[in-house]
Every structure is written in structure tokens, then in C-alpha cells.
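Notes follow once the structure below has been shown.
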Number of protein chains: 2
Amino acid sequence: MSDLLERLRTRGWRVTAQRRVVAEVLDGDHVHLTADEVHAQAVLRLPEISRATVYNTLGELVALGEVVEVSTDGRAKRYDPNAHRPHQHLVCSGCGIIRDVHPAGDALAGLTGLPADERFGFTVDEVRIVYRGLCPSCR
Amino acid sequence: MSDLLERLRTRGWRVTAQRRVVAEVLDGDHVHLTADEVHAQAVLRLPEISRATVYNTLGELVALGEVVEVSTDGRAKRYDPNAHRPHQHLVCSGCGIIRDVHPAGDALAGLTGLPADERFGFTVDEVRIVYRGLCPSCR
DNA sequence: TTCGCTGCAAACTGTTTGCATATTC
DNA sequence: GAATATGCAAACAGTTTGCAGCGAA
């Protein structure tokens, strides 16, 4: 059983076949999937799972903070299961696939804030860095 | 006449009332608008303009590199007319509005690349930094 | 006069929701 | 057995497209 399911179970999540399958699909994920791709993978293991359930489950996982929703330029959202490991994203402008990257910490130093006179009254609580380019097969 | 329209005209763009209005709406824009908001503003000046034309025009401006499409987390895309001025974005997690910000250049130093062993065969040609938080009215 | 642009409406994609049924705890 | 999750289908938002007519150059 995956760590993810274990953690969710102790938080009072009801474990059903559908939820297990969605969690399993996400668990082995290094290139993040769209909801539809998660559904496609899930169907291979549990043919009767519905798209709605996949969407609902992904939404719950996001709400619980176990999965991060990544959206890029009008394409379908992708779901990143590595919510607990700090990392950045490398996105292909061609096909939209997303890879996790872990640039050296010092490359990110000095980025944690935004000068007060550039904040326009906002509270800033996150800085996201996205590297964009073309993946090997789109090039 | 705006610089934008002037530039487009010399690139062979046919200037129509609708396109002029869309360009004018974008021109005075510092908090970027969604396609629907652009349409709403445009209707004030030209009541018969259609949504389809606004979408088409925005799409062309993006293709011409005059406007940048900014999409944040499954919300409607927003259109940033400051394509020629380098800047970053400050996004409200509450309502989705976007402000341009210009953090000091040295805060961004060392960010221009991604180490080769983290590139997974991608060519990287852009690094985007997005500051997220809450705007004054959502806080 | 020509070719490109517009408006309309219909199609489309990605996502959410209401409700009756089925399942987990 | 009670509460919750599922599946289906319908509704939805945002966006794109086909086509007949109109208008800028």
C-alpha cells in the first residue's frame, strides 16, 4: 500500500477501489498527468471507473494538500503528486508535458521576496519558477 | 493612434473598428484582462462587437507577439499587452487578478539557466517567475 | 473589386454537479 | 445501518470554428 493511501486513511478518508487506483496511478508518476490521462490509466486497472470520480478524487487530493494542480496556458490541468518535495517545473511549449526539476538551492537565493514597493498591497506567500522550452520529441 | 495599431498596420494588418477597439482596450491596461473583460470593455465603445471577434483578435495579437497570454490555474486566460517590456507577474490566489511587477535585476541573477543534468533533453528558452498571494480586496 | 474580417450560432474541450444506486466503515 | 462514494448524464465555462455577408484597401 502506498504511503499516500496510508496517510489518507488515517485522515478519515474512505478507501474505495476507485480511490486506490487513482492514488496508485499518481504514485508512480514522474511526468505529471492530466485528469483524462489519469482516467485512462485508471481504466486499465478498473474498467468501470468514471471520469467524474477521477475528477472528484483529484479535487479532494488537491484540497487535502497531497497533490498540486499545475495549469499551463489554457491546456488541461496536470496533477503533481510530489506536493511534499519542493521542486520546480520544466514545461514543454509544444506538447505541454511537465517534468519536475530541482535546481540548486543557491540558484534560487534572493528570490524569496518581492520588494515592498512592488507588492501593491498584496501578501506574497509563494514564488513559482517555471522553465519553458521544447522536449526532445517536440524539437 | 496607439503605437500598437501603428505597428500592426505596417505589418499588413487590416484595421477595422473592432480591432481598433480591442487594441485600445488593451493599450490602457495595467491589470490584465480576460477575453470576456476585454469584450465587455469593447462593447462600451462599439456595442455590436462580438465575442468571437474579440477572441479572434486576441489570438492574432498573441500570434504576432504583441500580446502575451497568461493563464493561471484553470481560470480564464488573461492578456498582457506589455509583451515588449520584460517583467514578472503577481497573481492573486483569491480572484485571479494579475499585476505586472519589475523586481530588481539582481534578484533574478543566476536564474537564467537550468543545469544540463536537470534539462532532460529539453531546450530551455524561458524562465517565468510568478509571485502568488492575496490582493488587498481578497485579504 | 477583391480578399480578408465580422457576426452568428453551433461545436468543442475540460470540468462540475444532481441524483439515484452501491459501498465502506 | 448510516454515511459516504459512485456512475451517469446533463450542465457548465471558456474557447474555437464554419459559413454567409460586409467592408477596408
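All chains are named by letter (A, B, ...) in the order of the sequence lines, taking the proteins before the strands, and each is independently numbered beginning at 1. Since we're looking at a predicted model, the values are computed, not measured.
Residue A/Q18 has no polar side-chain atom (N or O) positioned under 4.0 Å from OP1 or OP2 of C/dT23. Proximity of A/R19 to the phosphate of D/dA5: a side-chain N or O atom is located under 4.0 Å from OP1 or OP2.
A donor-acceptor pair under 3.5 Å is absent between the side-chain atoms of A/T53 and the main chain of A/I49, judged by distance alone. Panel note: side chain A/E24, backbone A/V21; no donor-acceptor pair is recorded below 3.5 Å. Side chain of B/R78 to backbone of B/G96: a donor-acceptor contact under 3.5 angstrom is found.
Using a 4.0 Å cut-off between a side-chain N of Lys or Arg and a carboxylate O of Asp or Glu, A/E118 and B/R99 do not qualify as a salt bridge.
Side-chain atoms of A/D100 and A/H32 form a donor-acceptor pair, as typed in the model, at a separation below 3.5 Å.
A/H39 places its NE2 atom 9 Å from the P atom of D/dC8, with the value rounded to the nearest Å. Between A/L58 atom CG and C/dG14 atom C1' the separation is 13 Å, expressed in whole Å. Taking atom CD of A/E60 as the reference point, atom C1' of D/dA5 lies 8 Å away to the nearest angstrom. Distance B/D36 CG to D/dT15 P: 8 Å, rounded to the nearest Å. Atom CD of B/E37 and atom C1' of D/dT15 are 15 Å apart (whole Å). If you measure from atom CZ of B/R75 to atom P of C/dT16, you get 12 Å, rounded to the nearest angstrom. A/Y79 has its OH atom 8 Å from the C1' atom of C/dT15, to the nearest Å. Distance CG (A/L8) to P (C/dT24): 17 Å, rounded to an integer number of Å.
The OG atom of A/S93 sits 4.5 Å away from the CZ atom of A/R132 when rounded to the nearest 0.5 Å.
The aromatic rings of A/H87 and A/H102 lie tilted to each other, with the angle between the two planes from 30° to 60°.
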Using a cut-off of under 3.5 Å, enumerate the N/O to N/O pairs linking the protein to nucleotides 17-25 of chain D.
residue	atom	partner	partner atom	Å
D/dG23	N2	B/R14	NH1	2.8

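Of the candidate nucleotides D/dT16, D/dG14, D/dG7, D/dG14 has the atom nearest to the side chain of B/A76.
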